[in-house]
**Student:** 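Just passing along the structure, written as structure tokens.
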Amino acid sequence: MFEARLTSAATLKKVLEAVKELLNEASFDCSDSGIQLQAMDNSHVSLVSLTLRSDGFDKYRCDRSLTMGMNLASMSKILKCANNDDTVTIKAQDDADTVTFVFESKKQEKISDYEMKLMNLDQEHLGIPETDFSCVIRMPSVEFARIVRDLAQFGETVLICCTKEGVKFSVSGDVGSANVKLAQTNNFDKEEESVSIEMQEPVSLSFACQYLISFTKATPLSPRVQLSMSSNVPLVVEYEIAELGYIRYYLAPKIED
Amino acid sequence: MFQPAITSFFTRK
């Protein structure tokens, strides 16, 4: 028996929004410790890694580990039927070929359930090596989304250069070029608005804008985003999900032809 | 520029 309950369907809706642009379907691996998802996008350029810890749920029970392959468009249709403040419970029997989503309104006057067929997905898991990153940038997630959206208008590739002074995002294309520089702030009063940089050595890497835009669909999950970079390894874009877990996106850097 | 796959950085389990 698997059962996981969240008092706010809004969180699950946001999690789904954060992955469904990159993934058509995904396997949710459920165990005692929580729910995990690891999947590459269709073109195998980026990787999504989601962890929802069991202790972050309002109720969590997983008698036997199970993998639930879900079509994310179908899951999205179902979650649209929930109000943000509904309680949501995800249920499945051991070895089941369906999963059930139960939505309960705050006053319990409306209870709905939606059963969805599970899929057998042949998904391969990748081993992600531990990396000591040369640069770790933390900034407001809304600011990152804004920069990516603004610059993507002018080119397909963004160059991110990080030094101890700050981080520079640059794009060039047919129209011309654009640069956004963010200085490290010492804004101790408003930590949420600060830009902080931990740098071992400077890094310059190029990335496809379209993937960064997809990653920023996670912005509603967290006020902060963390970018971790080292030369010649994938960028990690991480959003913490308060008291529940995190979503990390890995993106292979572009290299010179 | 060339876009490599993520699998060229991470090993398959």
Side-chain angles (χ1 to χ4, degrees), chain A residues 22-23 27 29 36 38-49 67 122-131 133 155-160 170-173 204-212 214-215 228-237 248-257, chain B:
Chain A
L22 287 165
L23 313 173
S27 286
D29 298 318
Q36 288 199 305
Q38 196 214 70
M40 285 182 279
D41 72 279
N42 290 336
S43 48
H44 290 196
V45 167
S46 68
L47 179 80
V48 182
S49 174
T67 295
D122 188 21
Q123 285 198 332
E124 54 186 350
H125 280 68
L126 300 180
I128 301 165
E130 286 284 316
T131 307
F133 287 98
E156 290 177 359
T157 304
V158 60
L159 174 68
I160 306 179
S170 306
V171 167
S172 61
S204 289
L205 288 170
S206 294
F207 300 100
C209 291
Q210 79 177 93
Y211 290 96
L212 297 177
S214 294
F215 302 167
S228 303
M229 299 200 300
S230 283
S231 292
N232 302 316
V233 302
L235 163 76
V236 188
V237 180
R248 287 182 190 145
Y249 302 95
Y250 298 83
L251 178 60
K254 285 189 165 185
I255 52 178
E256 294 294 341
D257 285 322
Chain B
M1 295 190 93
F2 173 69
Q3 175 67 70
I6 194 84
T7 43
S8 56
F9 297 92
F10 297 152
T11 49
R12 287 183 164 89
K13 269 186 185 171

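Letters go in sequence order (proteins before strands), and every chain restarts at 1. Excluded from the calculations below are hydrogen atoms, water molecules and symmetry mates; all remaining heavy atoms, backbone and side chain alike, are included.
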**Student:** For chain B and chain A, what donor-acceptor pairs lie under 3.5 Å, backbone included?
**Tutor:**
unit_1	atom_1	unit_2	atom_2	d
B/F2	N	A/I255	O	2.7
B/F2	N	A/D257	OD1	3.3
B/F2	O	A/I255	N	2.8
B/Q3	NE2	A/A252	O	3.1
B/I6	N	A/H44	O	2.8
B/T11	O	A/G127	N	2.7
B/R12	NE	A/E124	OE1	2.5
B/R12	NE	A/E124	OE2	3.1
B/R12	NH2	A/E124	OE2	3.2
B/K13	N	A/H125	O	2.8

**Student:** Minimum heavy-atom separation for B/P4 and A/P253, please, with both atom names.
**Tutor:**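 Nearest pair, atom of B/P4 first, then A/P253: CD-O, 3.1 Å.
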
**Student:** Quick one: closest heavy-atom pair of B/F10 and A/G127, and the distance?
**Tutor:** CB-O, 3.5 Å

**Student:** Taking the side chain as every heavy atom from C-beta outward, state whether A/L47 and B/I6 have any atom pair closer than 4.5 Å.
**Tutor:**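 Yes, side chains in contact.
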
